[in-house]
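Lettering of chains follows the sequences in order, A, B, ..., and the numbering in each one begins at 1. Reckoned from all heavy atoms, side chains included, excluding hydrogens, waters and symmetry mates.
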2 protein chains.
Amino acid sequence: MSHQTEADRVLRSLGGACLEHDPDVLRSVLDRVGDKWSLILIGLLGKGPMRFTELLRTAPGISRRMLTLTLRGLERDGLVKRLIYPEIPPRVEYEVTPFGRSLSEPVLALTRWAADNQETIRTNRRAFDEAAGLDIDDLD
Amino acid sequence: MSHQTEADRVLRSLGGACLEHDPDVLRSVLDRVGDKWSLILIGLLGKGPMRFTELLRTAPGISRRMLTLTLRGLERDGLVKRLIYPEIPPRVEYEVTPFGRSLSEPVLALTRWAADNQETIRTNRRAFDEAAGLDIDDLD
DNA sequence: CTGTATCCTTCAGGATACTG
DNA sequence: CAGTATCCTGAAGGATACAG
């Protein structure tokens, strides 16, 4: 059984126009690109190559550890390239690969959705919470 | 300071063609729709309304607890509607709202990317791991 | 059947100290 | 500077028992 077969099955399961997905596929997506730091780094590096410490400063709240781990993961998947300049002091730059850029697009779509709709979500939540409050408080 | 302002800022930060994002935006996206179960449920419900137990059986590995929590979250955000039929035994169905469907699309894009490229990723990883193995084992 | 309330485990991820 | 190795905590999430 080649993975071709699986990829194929997966594609077929998506086939239609809507989300006719196999839940397993979604899982693999999220395990891959669904974590906060990966997306943020893909985004930041999309603007251009950056150095380790630079990323450490720029990404809001990332720890040294997570930066290393995430960059390694992205590199392993071929989404990011690591460029080592054997200088003193050592210098390393990271840049997204073309493959990495291809991921940026769907990510951007999702991001835009969130940006477009975060207002709506906020409103919905307020309404929901208010209703819930009344249900408890004001059940006549 | 209205949230309008923030949403606006967010949109502006996305503005361009590529991922010129504010990392904070991505964070909010992922907190919202980036978790495994939310996406899976949005996907499953995209096919049509389903009952609680039905979802429990269909979603692979979800616990009763997580199903409840996730559905509540989706309902709160207005992505899913809860339909209660006051029968005996009680019966509840969940269905995606139009708003929920608008989310399905970018999610689908991401899913398709993953389906299209999971083969590539697998290859990249194998290559990376092999190279790493050699570096350690075979450093002449 | 459709949940809610607890308990308990696991593990992602931060802080920190050390190395090349 | 660019990491790696270790420790430690909080929070996510499963299992389970109970309730409407």
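- Taking every side-chain heavy atom of Arg72(A) into account, dT4(D) is the closest of dT4(D), dT4(C), dG14(D).
- For the side-chain contact (heavy atoms from CB on, under 4.5 Å) with Ser38(B), the lone residue among Leu103(B), Val80(B), Thr70(B) that qualifies is Thr70(B).
- Thr68(B) comes within 4.0 angstrom of a nucleotide base, judged by non-hydrogen atoms across all strands.
- Atom CE of Met66(B) is separated from atom P of dT2(C) by 19 Å (rounded to the nearest Å).
- Atom CD1 of Ile62(A) and atom C1' of dG3(D) are 14 Å apart (whole Å).
- Annotation: of the two residues near DNA chain C, Arg57(B) and Pro90(A), the 5′-most nearest-nucleotide partner is Arg57(B).
- In this structure, Arg64(B) reaches the bases: a heavy-atom distance under 4.0 Å links it to at least one base atom across the strands shown.
- The CD-P distance, from Glu75(A) to dG3(D), rounds to 9 Å in whole Å.
- Rounded to a whole Å, the CG atom of Leu67(A) is 13 Å from the C1' atom of dT4(D).
- Across all strands, Tyr85(B) comes closer than 4.0 Å to no nucleic acid atom at all (heavy-atom distances).
- When the nucleotides dG3(C), dG14(D), dC1(C) are ranked by their closest atom to the side chain of Arg51(B), dC1(C) comes out on top.
- Atom CG in Leu56(A) sits about 14 Å away from atom C1' in dT16(C), given to the nearest Å.
- No side-chain heavy atom of Leu41(A) sits under 4.5 Å from any side-chain heavy atom of Val96(A).
- Ring-plane geometry between Phe52(A) and Tyr94(A) is classed as tilted, the angle between the planes lying from 30 to 60 degrees on a 0 to 90 degree scale.
- In this structure, Asp35(A) and Glu54(B) both approach DNA chain C, and ranking their closest nucleotides by distance from the 5' end singles out Glu54(B).
- Here the closest non-hydrogen pair linking Thr97(A) and Lys81(A) is CG2-N, 3.9 Å.
- Between Leu69(B) atom CG and dA11(D) atom P there is a gap of 15 Å when expressed in whole angstrom units.
- Mapping Arg91(A) and Arg65(A) onto DNA chain D via the closest heavy atom, the residue that lands nearer the 5' end is Arg91(A).
- One interatomic measurement links the two molecules: CG of Leu41(B) to P of dG13(D), which rounds to 12 Å at whole-angstrom precision.
- Remark: Thr53(A) is in phosphate contact with dA2(D), judged by side-chain N or O atoms under 4.0 Å from OP1 or OP2.
- Note on Leu79(A): it does not cluster hydrophobically with Phe128(B), by side-chain heavy-atom contacts below 4.5 Å among ILVMFWY residues.
- Atoms CD (Glu87(A)) and P (dG3(D)) sit 13 Å apart, rounded to a whole Å.
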